[in-house]
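One structure is given here, and the rest of the page talks about it.
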Amino acid sequence: MTDPLHTLLTRQSIPSRQLGEPAPDDATLERLLEAAIRVPDHGKLVPWRLIILRGPAKLELGQRLAHMALEKQPDLSEAKREKERTRFAHAPLVIAVVACPNLDSPIPQQEQLLSAGCLAYNLLLGAQALGFGAQWLTGWAAYDRDAAREFGLADHEHIISFVHIGTAQCEVPKRTRPALADVVSTWAP
């Protein structure tokens with residue numbers, strides 16, 4: 001019998017530069033998305049949405065962001081320009097997780113943002129459970145309001161993450177994790 005915590009105990013990010021085809025097909029992607037949206041959501045606000053980036057559109061977006069980066073930093077080195085141009089070129093599928101907090105709700109915005117963060121994490125776990133690799137990235141474009149407009153975000157919306165998904169093209173070394181004794185305590189009066 002498989003360990004029910006296997007996916008959690010083996011979860012690790014695969015660098016986006018090491019993700020290639022295949023990506024989840026449409027049916028698998030729909031199943032992944034259906035699972036990923038099952039997150040804590042105090043007040044049933046659905047304070048998030050997803051933007052799928054793939055194919056030529058994600059490459060065009062990378063070009064636009066590279067142009068934006070150059071406008072903001074005219075002295076950007078050629079290496080950094082190339083990094084911007086290829087930001088979304090490696091993994092065959094990128095999902096932008098957008099926080100859409102309900103500003104009129106009594107539910108704290110922090111809880112709404114955490115719900116969006118849980119959605120991003122569910123995408124990582126779900127991709128791995130389905131046999132794919134994934135990485136959660138942000139970068140300047142996740143925080144820049146000009147970039148937000150390129151994505152069609154409203155003023156109150158923010159990108160939480162870009163989840164890159166594909167098939168690992170090589171083995172990735174295991175990352176050292178903290179010892180439980182270093183991060184767990186028990187409160188007592």
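Start at 1 with the first residue, then count along the sequence.
Here the CG atom belonging to Leu33 is positioned 5.0 Å from the CD1 atom belonging to Ile52, to the nearest 0.5 angstrom. With values rounded to the nearest 0.5 angstrom, His90 atom NE2 is found 8.5 Å from Lys58 atom NZ. The structure places CG of Asn102 at 7.5 Å from NE2 of His156, a figure rounded to the nearest 0.5 Å. Here the straight-line distance linking atom CG of Leu65 with atom CD of Glu60 works out to 10.0 Å at 0.5 Å rounding. Residue Glu78 holds its CD atom at 14.0 Å from NZ of Lys83, rounded to the nearest 0.5 Å.
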Requested in this report: Please step through salt bridge (Lys or Arg N to Asp or Glu O under 4.0 Å) for the pair Glu84 and Lys72, ending with a clear verdict.
Outcome: CA-CA 12 Å; Glu84 294 301 336; Lys72 292 173 185 296; over 6 Å; no
Report task. Could you walk me through whether Gln12 and Arg177 pass side-chain contact (heavy atoms from CB on, under 4.5 Å), step by step? Result -> CA-CA 10 Å; Gln12 73 173 33; Arg177 304 293 174 166; 4.0 Å; yes
Requested in this report: Show your working on side-chain contact (heavy atoms from CB on, under 4.5 Å) between Ile165 and Val94 and close with a plain yes or no.
Outcome: CA-CA 6 Å; Ile165 301 173; Val94 180; over 6 Å; no
Requested in this report: Could you walk me through whether Leu103 and Gln109 pass the side-chain contact (heavy atoms from CB on, under 4.5 Å) test, one step at a time?
Outcome: CA-CA 7 Å; Leu103 304 178; Gln109 283 190 43; 3.3 Å; yes
**Report entry** Stepwise side-chain contact (heavy atoms from CB on, under 4.5 Å) check, Leu130 with Leu32
**Finding:** CA-CA 8 Å; Leu130 291 168; Leu32 172 60; 4.0 Å; yes
**Report entry** Check against salt bridge (Lys or Arg N to Asp or Glu O under 4.0 Å), Lys80 and Asp75
**Finding:** CA-CA 10 Å; Lys80 288 187 179 180; Asp75 61 341; over 6 Å; no
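Within a 6.0 Å sphere centred on NE2 of His67, heavy atoms belonging to other residues, nucleotides or ligands number 12 at most. Under a cut-off of 6.0 angstrom, the local environment of CZ in Arg145 is crowded, with over 12 non-hydrogen atoms contributed by other residues, nucleotides or ligands. More than 12 heavy atoms of other residues, nucleotides or ligands sit less than 6.0 Å from atom CD of Glu71. The local environment of CZ in Arg31 is sparse, with at most 12 non-hydrogen atoms from other residues, nucleotides or ligands closer than 6.0 Å. Other residues, nucleotides and ligands contribute at most 12 non-hydrogen atoms within 6.0 Å of the CD atom of Glu171. Other residues, nucleotides and ligands contribute over 12 non-hydrogen atoms within 6.0 Å of the CG atom of Asp182.
Taking all atoms of both residues into account, the shortest heavy-atom contact from Ala129 to Thr7 is CB-OG1, 3.9 Å. The shortest non-hydrogen separation linking Val163 to Ser161 is CG2-OG, 3.5 Å. Between Arg11 and Gln128, the shortest heavy-atom distance links the atoms CA-OE1, 3.1 Å. Listed here is the closest heavy atom pair of Ala120 and Trp136: CB-CZ3, 3.5 Å. Residues Ser13 and Val172 share a closest heavy-atom pair of O-CG1, 4.1 Å. Contact between Ser16 and His164 at its shortest, heavy atoms only, is CB-ND1, 3.6 Å.
When side chains are defined from C-beta on, Arg49 counts as touching Leu153, because their heavy atoms get closer than 4.5 Å. Proximity of Leu119 to Ile160: side-chain heavy atoms (C-beta onward) are nowhere separated by under 4.5 Å. Counting heavy atoms from C-beta on, the side chains of Thr86 and Glu82 come closer than 4.5 Å. Between Glu157 and Phe151, every side-chain heavy-atom pair lies at or beyond the 4.5 Å cut-off. Put simply, the side chain of Trp48 does not reach to within 4.5 Å of the side chain of Val98, judged on heavy atoms. Contact check for Leu19 versus Thr167: no side-chain heavy atoms found under the 4.5 Å cut-off. Counting only heavy atoms from C-beta outward, the side chains of Ile14 and Phe132 never approach each other to under 4.5 Å. Residues Arg87 and Trp140 are in side-chain contact: their nearest non-hydrogen atoms beyond the backbone lie under 4.5 Å apart.
A side-chain donor-acceptor contact under 3.5 Å links Asp41 to the backbone of Val46. Side-chain N or O atoms of Arg64 include none that pairs as donor or acceptor with a backbone N or O of Glu150 at under 3.5 Å. In terms of modelled atom types and a separation under 3.5 Å, the side chain of Gln112 and the main chain of Ile107 share a donor-acceptor contact.
When each of Leu53, Leu29, Ile51 is paired with Ile95, the side-chain contact (heavy atoms from CB on, under 4.5 Å) condition holds for Leu29 and for no other.
For the pair Arg149 and Asp146, the salt-bridge criterion is met [side-chain N within less than 4.0 Å of a carboxylate O].
Using a 4.5 Å cut-off between side-chain heavy atoms of Ile, Leu, Val, Met, Phe, Trp and Tyr, with links allowed through other members, Leu125 and Leu123 fall into the same hydrophobic cluster.
Between the side chains of His42 and Glu111, at least one donor N or O lies within less than 3.5 Å of an accepting N or O.
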